[in-house]
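This report concerns only the one structure given below.
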Amino acid sequence: MKDTSANTDAKRAAGAAAAELVKSGMVVGLGTGSTVAWTIKRLGERVKEEGLDFLGIATSFQAENLAIESGISLTALNQHPILDLAIDGADQVDGDLFVIKGGGAAHTREKVVSCSAKRFVIVADESKYVKKLTWPVPVEVLPFALRLVERRLMELGGKPVLRQGVRKDGPVVTDNGNFVVDTDFGVIEDPKGLAARIDPIPGVVEHGIFDNLDELFLARAGGVERIRRKR
Ligand code: 5RP
């Protein structure tokens with residue numbers, strides 16, 4: 001969805017609200033995208049204003065750069081394998097808090113980081129919150145396995161499209177050196193079942209269906225609503 005100014009305000013509101021969850025001493029996963037960028041910027045302000053003292057773990061080159069610019073100290077998963085909290089954006093979130101991520105091709109690291117965290121929070125504007133997921137599922141693929149993975153995704157009823165670069169000829173290459181295949185499955189009635197069928201395809205590095213969300217910070221007209229997982 002193209003950003004409008006209302007949309008930017010909503011992204012900022014959700015992003016900044018979640019930044020208040022961070023306390024000194026925490027290790028925090030920093031997600032990728034234009035919504036969680038507001039979280040990172042707000043955390044940078046809190047470091048300067050209040051002396052907030054925490055360590056971030058970036059999920060992408062973009063997040064890492066923004067954290068450095070914002071004055072946030074970073075660490076590595078290798079050094080801090082268990083995070084207190086991970087905060088990230090989403091492409092869609094459904095009524096049961098299943099999520100599709102990977103619009104920025106960062107979902108593999110985002111999944112590793114969020115699964116390493118005791119608590120996973122997503123920040124989003126209202127356009128992302130839907131009854132059922134319909135967003136094409138980003139699947140990160142080892143380039144060598146591209147044709148096999150495309151065929152298997154079609155056998156599962158998907159329509160895979162290799163993501164193309166912008167101002168770069170040829171496919172998008174992820175921070176991990178792989179391709180991304182955006183796969184339209186129409187309305188996804190059973191996200192967990194679909195995830196379980198994509199997982200074992202040889203050459204799939206990671207797909208963008210997440211089932212580990214704990215809490216959604218959703219910016220609505222009246223303010224930021226917090227929706228907790230019931231599952
Ligand atoms: C990156 C992601 C992003 O979090 C997702 O695409 C949302 O981005 P934005 O907040 O810019 O709409 O999953 O891989």
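Order of appearance sets the numbers: ligands from 1, and atoms from 1 within every ligand. All heavy atoms count here, side chains included; hydrogens, waters and symmetry mates do not.
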Side chain to side chain contact (heavy atoms under 4.5 Å, CB included) between Phe54 and Leu43: does it pass, once the steps are laid out? CA-CA 9 Å; Phe54 75 102; Leu43 286 170; 3.9 Å; yes
Donor-acceptor pairs under 3.5 angstrom involving side-chain atoms of residues 194-204: please list them, not counting sequence neighbours.
from, atom 1, to, atom 2, distance (Å)
Arg197, NH1, Gly193, O, 3.4
Asp199, OD1, His207, NE2, 2.9

Run the side-chain donor-acceptor check on residues 156-166: report pairs under 3.5 Å with partners two or more places apart or on a different chain.
from, atom 1, to, atom 2, distance (Å)
Arg163, NE, Asp182, OD2, 2.8
Arg163, NH1, Gly102, O, 3.2
Arg163, NH1, Gly103, O, 3.1
Arg163, NH2, Gly102, O, 2.9
Arg163, NH2, Asp182, OD1, 2.8
Gln164, NE2, Leu162, O, 3.4

Name the atoms and distances for all side-chain donor-acceptor pairs under 3.5 Å in residues 68-78, with sequence neighbours left out.
from, atom 1, to, atom 2, distance (Å)
Ser70, OG, Leu66, O, 2.7
Thr75, OG1, His80, ND1, 2.8

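The pair Lys128-Asp91 does not meet the salt-bridge criterion, since no charged nitrogen lies less than 4.0 angstrom from a carboxylate oxygen.
Protein residues with a heavy atom closer than 4.0 Å to ligand 1 are Lys11, Thr32, Gly33, Ser34, Thr35, Asp88, Gly89, Ala90, Asp91, Lys101, Gly102, Gly103, Gly104, Ala105, Ala106, His107, Glu110, Lys128, listed by chain and number.
With Lys111 contributing its side chain and Ser114 its backbone, the two residues share no donor-acceptor pair below 3.5 Å.
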